[in-house]
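Please read the structure below before turning to the comments.
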Amino acid sequence: MGATKLTRAMCAIALFNSALYLCVMDAAFAGEKEERVKKLTADLRKSKDAKARVTALQELGELAQIKKSLVQDSLPDIYKAVEDKDPGVRAAAAETLGKADEPYDKAGDILVKMLKDDKETGVKIGAAKGLAAMGMTAKAALPALQEVVQATKGEQKGQLKALNTAAKSAVQVIRGTKK
């Protein structure tokens, strides 16, 4: 009997320590993530290098999917990046905007406009991915996405094939037939 009580006590202590560790680590990582977001936002805002801005946007998008509030202060810079002269930056901004869980009535029209009007296919792909990231809240974008699917139907290679794939995927996600 004594060994059983001792084992239970040790298990309780181990469980308590594990829970405490998880709580402390979560808080520590939250602080690190907030510092990371500040650095990424500064890179996005100030960097002259398009690759650095693209990387910053991609990482902000990943962080937004973890916790939207992490990138809340970065949103004005993400919206500004949608109009960047570099197509790679615009494409990354479009996808990040979708991942940032912005309301469709605020971000959706921007992404649809990019999907329809941007001259660069890579930007259109980013917009389709951004709309897919918005999920079922982007139902109003279905006609534009279906139009892109039809326009790129039969493409066998290159960016037009990638656009077709991204648009098809977005349609499926928005309809709820694909995760």
Side-chain angles (χ1 to χ4, degrees), residues 37 40-41 43-179:
V37 167
L40 292 169
T41 304
D43 289 349
L44 177 57
R45 194 176 289 153
K46 297 175 185 173
S47 181
K48 303 268 189 245
D49 181 26
K51 286 184 181 181
R53 294 193 312 274
V54 168
T55 300
L57 284 161
Q58 290 169 339
E59 289 187 41
L60 286 168
E62 290 172 20
L63 290 167
Q65 288 187 306
I66 294 169
K67 189 174 181 182
K68 179 188 176 180
S69 65
L70 285 172
V71 298
Q72 195 68 40
D73 293 340
S74 305
L75 285 171
D77 296 299
I78 295 169
Y79 277 101
K80 199 178 285 185
V82 165
E83 298 173 3
D84 197 278
K85 66 181 178 185
D86 185 272
V89 173
R90 291 195 311 274
E95 190 170 352
T96 299
L97 198 54
K99 290 178 178 179
D101 198 30
E102 281 288 89
Y104 182 82
D105 61 350
K106 189 171 181 184
D109 290 339
I110 294 169
L111 295 177
V112 169
K113 185 175 182 345
M114 293 173 83
L115 181 70
K116 287 180 164 186
D117 298 340
D118 203 286
K119 291 180 181 8
E120 297 290 332
T121 304
V123 174
K124 293 179 182 211
I125 293 168
K129 288 180 178 180
L131 289 164
M134 294 180 90
M136 292 170 44
T137 63
K139 284 190 188 235
L142 283 173
L145 286 162
Q146 290 167 328
E147 192 176 301
V148 169
V149 170
Q150 286 303 313
T152 57
K153 189 175 185 178
E155 293 295 334
Q156 298 298 316
K157 59 185 176 179
Q159 282 203 314
L160 290 177
K161 171 68 175 167
L163 176 57
N164 180 270
T165 302
K168 279 183 186 176
S169 178
V171 167
Q172 291 173 336
V173 169
I174 292 167
R175 285 186 176 155
T177 58
K178 179 182 176 182
K179 290 213 175 215

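Just the heavy atoms: all of them, side chains too, but no hydrogens, waters or symmetry mates, feed the values below.
Proximity of Leu163 to Val148: side-chain heavy atoms (C-beta onward) are separated by under 4.5 Å at one or more points. You'll find the side chain of Leu40 reaches within 4.5 Å of the side chain of Leu63, heavy atoms only. No side-chain heavy atom of Leu44 sits under 4.5 Å from any side-chain heavy atom of Thr41.
Closest approach of Ala132 and Val173 over heavy atoms only: O-CG1, 3.2 Å. Scanning all heavy atoms of the two residues, the minimum distance from Ala91 to Gly122 falls at CB-O, 3.4 Å. The minimum heavy-atom distance linking Ala94 with Leu111 is given by the pair O-CD2, 3.5 Å. The nearest pair of heavy atoms linking Gly135 to Ile174 is O-CG1, 3.3 Å. Closest of all the heavy-atom pairs between Ala100 and Ala64 is CA-CB, 3.7 Å. The minimum heavy-atom distance linking Glu120 with Pro87 is given by the pair CG-CB, 3.5 Å.
Shown here are the side-chain hydrogen bond (donor to acceptor under 3.5 Å, both in side chains) partners of Arg45, two or more places apart in sequence or in another chain: Asp77. Judged as a side-chain hydrogen bond (donor to acceptor under 3.5 Å, both in side chains), and not counting sequence neighbours, the contacts of Ser169 are Lys178. Looking at residues two or more places apart in sequence or on another chain, you find a side chain to side chain contact (heavy atoms under 4.5 Å, CB included) between Lys161 and Glu155, Thr165.
Legend: side chain to side chain donor-acceptor pair (under 3.5 Å) pairs involving residues 126-154, not counting sequence neighbours, sorted by first then second residue: Thr152-Asn164. Evaluation of the side chain to side chain donor-acceptor pair (under 3.5 Å) test over residues 47-58, restricted to residues two or more places apart or in two chains, returns Arg53-Asp84.
Glu95 places no side-chain N or O within 3.5 Å of a backbone atom of Ala93 that could act as its donor or acceptor partner.
We find the CG-OG1 distance between Leu60 and Thr96 to be 6.5 Å, quoted to the nearest 0.5 Å. Atom-to-atom distance recorded for Leu57:CG and Lys99:NZ is 10.5 Å, nearest 0.5 angstrom. With values rounded to the nearest 0.5 angstrom, Gln159 atom CD is found 5.0 Å from Ile125 atom CD1.
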Quick one: side chains of residues 101-108, donor-acceptor pairs under 3.5 Å with protein atoms, not counting sequence neighbours, listed by atom name and distance.
from, atom 1, to, atom 2, distance (Å)
Glu102, OE1, Lys68, NZ, 3.4
Glu102, OE2, Tyr79, OH, 2.7
Tyr104, OH, Ala141, N, 3.4

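No option in Arg90, Lys124, Lys113 other than Arg90 meets the side chain to side chain donor-acceptor pair (under 3.5 Å) test with Asp118.
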Might you work through the side-chain contact (heavy atoms from CB on, under 4.5 Å) test for Val37 and Asp73, ending with a clear yes or no? CA-CA 9 Å; Val37 167; Asp73 293 340; over 6 Å; no

